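Counting from 1, the numbers follow the sequence of the chain as shown. What you see is a predicted model, and the numbers here were worked out from it, not measured in a lab.
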Amino acid sequence: MTDSVRDAVPPTLPRRLIHRWPTLVGVGVVVATFVDGVPPVGLLAGLLAVMPLCYLLFGAFRGELRGSRVVAVQLAGLVGFTAVAALALAADETLGLRVVAAGWLAHGIWDILHHRSGRIVPRAWSEWCAVVDVGGAFGILAVA
């Protein structure tokens, strides 16, 4: 089959599923994490603080932390998400869960922006992380 013919044929369901593997893995992680309840707020806040570190490491290894603006944006993300995590830990459990859920939702938006730009982290990572973050945020809010 030539490229023009292949492009004209709509993708089959298996091809679509293979293409969306990060989303499928992300859904699996959310289900496995939240199927038996919400993890402790300390764990969720810790993950929120670690998430931007992963982005900095990816950016460094990929050579995409060039320019002071790029570094400043990534460091601002680190400071902001760590501050939200600290705030969640300082609050009572119910409020802490709501704060950490807001942080996870905000990080999901951060992931989507990175996915659209195609920079700093691999697109598969930002897709997977967005699904985990947004799904996790709703999982947390379902019980908080």
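Remark: Asp133 engages His107 in a side-chain hydrogen bond (donor to acceptor under 3.5 Å, both in side chains) (not counting sequence neighbours). Every residue was checked against the ring pair (Phe, Tyr, Trp, His ring centres under 6.0 Å) condition with Phe34, not counting sequence neighbours, and none meets it. By the side chain to side chain contact (heavy atoms under 4.5 Å, CB included) test, Leu95 pairs with Ala91, Asp92, Val99, sequence neighbours left out. Under the rule for a side-chain hydrogen bond (donor to acceptor under 3.5 Å, both in side chains), the partners of Thr23 that lie at least two apart in sequence or sit in another chain are Glu127. A search for side-chain hydrogen bond (donor to acceptor under 3.5 Å, both in side chains) contacts involving His114 returns Gln74, not counting sequence neighbours. With sequence neighbours excluded, the residues forming a side chain to side chain contact (heavy atoms under 4.5 Å, CB included) with Val71 are Leu65, Leu75, listed by chain and number. With sequence neighbours excluded, the residues forming a side chain to side chain contact (heavy atoms under 4.5 Å, CB included) with Ile109 are Leu113, listed by chain and number. Residues that satisfy the salt bridge (charged side-chain N to carboxylate O under 4.0 Å, His left out) test with Glu64, not counting sequence neighbours, are Arg62.
Residues Leu105, Phe138 make up the rest of the hydrophobic cluster containing Val134, defined by ILVMFWY side-chain heavy atoms closer than 4.5 Å, directly or through other members.
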Could you list the donor-acceptor pairs under 3.5 angstrom formed by side chains in residues 40-55, with sequence neighbours left out?
{"unit_1": "Tyr55", "atom_1": "OH", "unit_2": "Asp111", "atom_2": "OD1", "d": "2.3"}

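Proximity of Pro22 to Trp125: side-chain heavy atoms (C-beta onward) are nowhere separated by under 4.5 Å.
Both Phe58 and Leu56 belong to a single network of hydrophobic side chains, linked directly or stepwise wherever heavy atoms of I, L, V, M, F, W or Y lie under 4.5 Å apart. Using a 4.5 Å cut-off between side-chain heavy atoms of Ile, Leu, Val, Met, Phe, Trp and Tyr, with links allowed through other members, Phe81 and Val73 fall into the same hydrophobic cluster. Note: the hydrophobic cluster containing Trp110 does not contain Val131 (ILVMFWY, side chain heavy atoms under 4.5 Å, direct or indirect links). Hydrophobic clustering, with ILVMFWY side chains joined whenever heavy atoms are under 4.5 angstrom apart, keeps Val143 apart from Val31. Put simply, Leu87 and Trp104 are part of the same group of oily side chains (I, L, V, M, F, W, Y) that touch within less than 4.5 Å, one to the next.
One distance of note links SG of Cys129 with CD1 of Ile112; it measures 10.5 Å at 0.5 Å rounding.
For the side-chain hydrogen bond (donor to acceptor under 3.5 Å, both in side chains) condition, no pair includes a residue of residues 30-46, sequence neighbours left out. Applying the side-chain hydrogen bond (donor to acceptor under 3.5 Å, both in side chains) rule to pairs touching residues 77-86 yields nothing, sequence neighbours excluded.
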Run the side chain to side chain contact (heavy atoms under 4.5 Å, CB included) check on Trp128 and Val121 step by step: do they pass? CA-CA 11 Å; Trp128 169 83; Val121 296; over 6 Å; no
